[in-house]
Amino acid sequence: MELKFSSCNVQVKKDCHQSKKQHRSRHQHHEVGDDSSSTKSLSLKNLSKLILPPLGSSTYNQNQIESRGWVVSPMDSRYRCWETFMVVLVAYSVWVVPFEVAFLSSSPKRELYVADNVVDAFFAVDIVLTFFVAYIDPRTQLLVCDSRRIATRYLSTWFLMDVASTLPFEALGYLLTGKPKVALSYSFLGILRFWRLRRVKQLFTRLEKDIRFNYFWVRCARLLLVTLFLVHCAGCLCYLLADRYPHQGKTWIGTVNPNFRETSLWIRYISALYWSVTTMTTVGYGDLHAVNTVEMIFIIFYMLFNLGLTAYLIGNMTNLVVEGTRRTMEFRNSIEAANNFVCRNRLPPRLREQILAYMCLRFKAESLNQHQLIEQLPKSICKSICQHLFLPTVQTVYLFMGVSRETLLLLVAKMTAEYLPPREDVVMQNEAPEDVYIIVSGEVEIIDCETEKEQVVGALQSGDIFGEVGALCCRPQDYTYRTKSLSQLLRLKRNDLLEAMHSQHEDNITMIKNFLQHHKKLEDLYIEDFLTKAGHEHDGLHLLTVASTGNAAILEKLLKAKLDPDVGNLEGKTSLHIAASQGHEDCVWLLLKNGCNIHLRDRNGNNALWHAVSSKQHSIFRVLYNSAASSDPCTAGDLLCTAAKRNDLEVMKELLNHGLSTDSKNHQGFTALQIAMAEDHKDMVNLLVMNGANVADSNMPDFPPEALDQMLRRRETGHRIAVPDGAALPEMPTRTRVVEQEPTREISDVAICERVSIYRGHPAARRENRCAEAGRLIRLPGSIEDLKSVAGKKFGFDATNAIIVDEEGTEIDCIEVIRDNDKLFVVEDPNY
């Protein structure tokens with residue numbers, strides 16, 4: 001596996017969910033104009049706040065760096081302002097503390113005393129605030145927002161030193177002694193305030209990596225401040241030795257000015273700074289030098305210590321600074337070179353933003369050393385890492401649903417993890433396909449760049465894939481895909497994807513099914529990529545695959561390519577069987593149009609009609625039945641006899657509800673009732689008899705006459721039947737209807753009067769409110785002509801040439817197929 005950061009704009013994805021026109025109709029357009037300068041500046045500012053998510057994580061949200069509730073983010077702009085203000089207070093503290101100890105210990109100024117306490121109060125507030133500030137874990141480089149972990153970390157690290165550096169020792173000394181002149185020991189405790197200098201270091205470290213500031217001047221300012229601070233502290237300490245020496249005049253400053261304590265504060269401070277600078281620069285002492293023994297001993301040890309310390313610091317700091325700042329210097333040099341390149345070639349501002357954002361994010365990604373670490377590991381460990389990090393995300397992608405684990409592991413091992421900054425073009429419109437991308441985290445916008453102004457036509461989230469249409473169909477991309485936020489993507493080369501698909505034939509079929517199912521209305525595809533390189537050996541299998549997805553557009557192309565529609569799979573199922581059972585009516589029409597054999601049976605003896613009726617695909621069954629019955633008059637008898645032989649009551653009920661006559665015969669001349677009696681299926685016999693099966697020629701010697709008589713009396717049918725052995729039944733209206741068995745209900749000999757509701761107009765027109773006339777409830781007449789006559793009288797028009805249709809718009813030309821409580825529609829215009 002390779003982990004790296006890439007900015008190359010590669011293949012463009014043609015279509016995410018549908019073709020371009022359908023995409024535009026589904027998604028609301030909004031224009032994307034050129035970014036304003038304020039937006040671009042804000043984008044560069046936010047680059048310093050980006051936190052890279054962990055590899056393979058789809059739940060890590062970049063928005064979590066914002067402050068939430070009681071937890072304050074260290075990246076929050078308001079907290080950054082507070083930190084800057086605290087740095088100003090630190091600068092005041094580290095200047096005034098040695099100054100007060102050396103020059104003002106005997107006569108403290110009231111103004112400085114008040115100011116010191118105000119500053120300490122601000123730092124006390126900062127201590128409380130730190131308990132609610134999230135932090136970046138140094139090991140994982142991720143933001144920790146848990147309040148308990150934040151408090152535990154602070155208490156175990158800097159809390160005690162922060163408290164010690166904030167205590168007002170001067171005020172405590174005054175409370176303990178009751179004297180305004182505080183002892184020297186209390187003043188020296190104020191040196192603990194130097195602990196606050198770590199804030200200044202953190203500020204300059206951040207500014208050095210912020211491309212909004214010039215790196216050279218930031219480094220110069222840092223070195224200048226360090227030098228001034230050391231000069232100030234050394235001068236104050238040297239003056240303190242002279243001021244506390246008991247023999248007046250025998251000091252480095254007393255030899256020049258014996259009454260130096262009576263001179264102005266400004267002159268004494270400048271003299272101390274002068275001595276400090278000459279000593280630090282090793283120029284020599286000249287007019288100011290050590291006089292008394294204490295000063296000499298101090299300077300001897302100071303210089304000896306400074307000699308070793310300087311050598312140690314120079315040796316180690318050189319290595320640390322050079323090594324630590326080398327990447328930063330290279331980064332800033334590359335930023336400067338990029339700026340010069342943009343200015344020299346007059347590139348638009350948006351390209352400048354993309355270049356700088358890419359370089360900043362690459363710098364952050366390289367600092368994690370992920371690529372270098374993984375390169376050192378063996379392949380077995382790398383595969384395990386890939387499996388742990390990326391497999392959960394890849395398994396959720398629609399293209400890989402149902403694919404074997406072996407193939408998924410093969411794909412994951414060849415994927416490349418990439419971090420992309422916001423507003424980065426991943427693929428460009430109208431470019432050739434090269435790679436497929438999976439979104440692990442972040443958001444990617446789908447943008448149409450063909451218009452004058454860019455339009456966003458959709459957005460992709462974690463777990464989505466783009467580029468697969470161009471990669472699998474060899475077509476240019478119709479959209480540009482641009483990151484909306486910091487995104488982590490998995491990139492897979494097209495050749496690696498195709499190689500993995502062809503390695504496992506079953507997985508190849510599964511991925512093609514998933515692809516075609518997801519892009520049912522995608523047009524203008526190249527079908528060659530869906531056929532194997534071994535010729536047409538598996539054409540039929542691909543035809544079955546397309547039929548199972550319901551993709552009529554691809555199916556039509558395959559049929560035009562002269563593929564045999566009657567090729568079956570291992571179970572003997574053809575494309576028509578699969579399309580009929582899964583309810584793909586468009587595919588059924590295409591297959592019938594291209595001359596498929598509707599009477600073929602699979603290994604279980606089921607034809608397409610059986611698959612349609614058993615799956616309750618009513619509209620498809622009617623289409624298939626009309627087509628099959630025109631070429632085979634025994635179609636109904638075969639279906640009924642098959643259901644009777646298998647004792648499948650549910651399918652038998654569905655067939656009878658479709659109007660198939662119970663007395664239809666199969667090719668051997670048997671009826672369903674005869675088959676049911678021969679198989680001794682009593683429930684099936686009961687169902688058929690109750691629904692009007694003719695028992696006169698059924699040869700039922702083993703069936704009890706009493707039971708037969710009871711069934712004949714209880715069934716609801718107007719069909720005149722021949723009753724064997726002289727059994728008699730009352731006459732009833734002539735029609736057939738599916739009746740469920742009700743063993744506890746007694747039926748009288750009185751004829752049942754069935755009622756229907758009739759309406760004027762086509763059902764589709766009534767649904768569109770073009771015809772809203774109320775219907776009529778009538779008793780069902782004995783013929784269609786009588787029904788038209790009654791409808792004409794009820795609605796006041798001549799219905800002789802009208803047609804009768806049901807709720808689905810199917811024409812009814814036989815009164816026997818109408819059931820009780822049906823809704824009928826009288827259409828005046830037969831050409832509607």
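Side chain of Ser581 to backbone of His577: a donor-acceptor contact under 3.5 angstrom is found. Not a single donor-acceptor pair under 3.5 Å links the side chain of Asn606 to the backbone N or O of Asp602. In terms of modelled atom types and a separation under 3.5 Å, the side chain of Arg819 and the main chain of Asn657 share a donor-acceptor contact. Between the side chain of Asp806 and the main chain of Glu808, a donor-acceptor pair closer than 3.5 Å is present. Side-chain atoms of Asn626 come within 3.5 Å of backbone N or O of Arg622 as a donor-acceptor pair.
From Asp586, atom CG reaches atom CD1 of Ile620 across 9.0 Å, with rounding to the nearest 0.5 Å. From Thr574, atom OG1 reaches atom CG of Asn597 across 8.5 Å, with rounding to the nearest 0.5 Å. Atom CD of residue Gln395 and atom CZ of residue Phe400 lie 11.5 Å apart, to the nearest 0.5 angstrom. Interatomic distance, Glu650 CD to Ser614 OG, rounded to the nearest 0.5 Å: 11.5 Å. A distance of 10.5 Å separates CG of Leu410 from CG of Leu497, quoted to the nearest 0.5 Å. A distance of 9.0 Å separates CH2 of Trp589 from CG of Leu624, quoted to the nearest 0.5 Å.
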Practice prompt. Step by step, work out the side chain to side chain contact (heavy atoms under 4.5 Å, CB included) result for Leu492 and Ile438.
Written response: CA-CA 8 Å; Leu492 179 64; Ile438 299 173; over 6 Å; no
Worksheet item: Going through the checks in order, is the side chain to side chain contact (heavy atoms under 4.5 Å, CB included) test met by Phe795 and Arg776?
Response: CA-CA 9 Å; Phe795 296 116; Arg776 304 290 191 274; 3.9 Å; yes
Worksheet item: Should Asn607 and Leu576 be marked as a side chain to side chain contact (heavy atoms under 4.5 Å, CB included) after you check the CA-CA gap, both sets of side-chain angles, and the distance that decides it?
Response: CA-CA 9 Å; Asn607 57 15; Leu576 186 62; over 6 Å; no
Item to complete: Assess whether side chain to side chain contact (heavy atoms under 4.5 Å, CB included) is satisfied between Val436 and Ile465, documenting all intermediate values.
Response: CA-CA 7 Å; Val436 177; Ile465 185 175; 3.3 Å; yes
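For the pair Leu787/Ile758, a side-chain contact is recorded, criterion being any heavy-atom separation below 4.5 Å from C-beta on. Contact annotation: the side chain of His618 approaches that of Glu654 to within less than 4.5 Å [non-hydrogen atoms, C-beta and beyond]. Between Phe515 and Val469, some side-chain heavy-atom pair lies under the 4.5 Å cut-off. Counting heavy atoms from C-beta on, the side chains of Leu391 and Arg405 come closer than 4.5 Å. Between Leu660 and Tyr625, the closest side-chain pair of non-hydrogen atoms falls below 4.5 Å. Contact annotation: the side chain of His611 never approaches that of Ile578 to less than 4.5 Å [non-hydrogen atoms, C-beta and beyond]. Lys645 places a side-chain heavy atom less than 4.5 Å from the side chain of Ile675. When side chains are defined from C-beta on, Val651 does not count as touching Lys653, because their heavy atoms never get closer than 4.5 Å.
No hydrogens or angles considered: a donor-acceptor pair under 3.5 Å links the side chains of Asp507 and Thr407. Side chain to side chain, Asp632 and His667 meet the donor-acceptor criterion of an N or O pair below 3.5 Å. The closest side-chain donor-acceptor pair between Ser661 and Asp663, if any, does not fall under 3.5 angstrom.
The two residues Ala628 and Leu609 have their closest heavy-atom pair at CB-CD1, 4.0 Å. Taking each heavy atom of Leu649 and Met684 in turn, the nearest pair found is CD2-CE, 3.6 Å. Closest approach of Leu399 to Asn514, counting heavy atoms only: O-ND2, 3.1 Å. Across Ile784 and Ile815, no two heavy atoms sit closer than the pair CG1-N, 3.8 Å. In terms of heavy atoms, Ala802 sits closest to Val826 at CB-CG1, 3.8 Å. Nearest heavy atom pair, residue Asp638 against residue Thr642, reads O-OG1, 2.7 Å.
When ring centroids are compared, His658 and Phe621 come within the 6.0 Å threshold.
Remark: Lys788 engages no residue in a salt bridge (Lys or Arg N to Asp or Glu O under 4.0 Å) (not counting sequence neighbours).
Here Glu828 pairs with Arg760 in a salt bridge; the nearest charged N to carboxylate O distance falls below 4.0 Å.
Within 6.0 Å of atom CZ in Phe670, 12 or fewer heavy atoms from other residues, nucleotides or ligands are found, so the atom counts as exposed in its surroundings.
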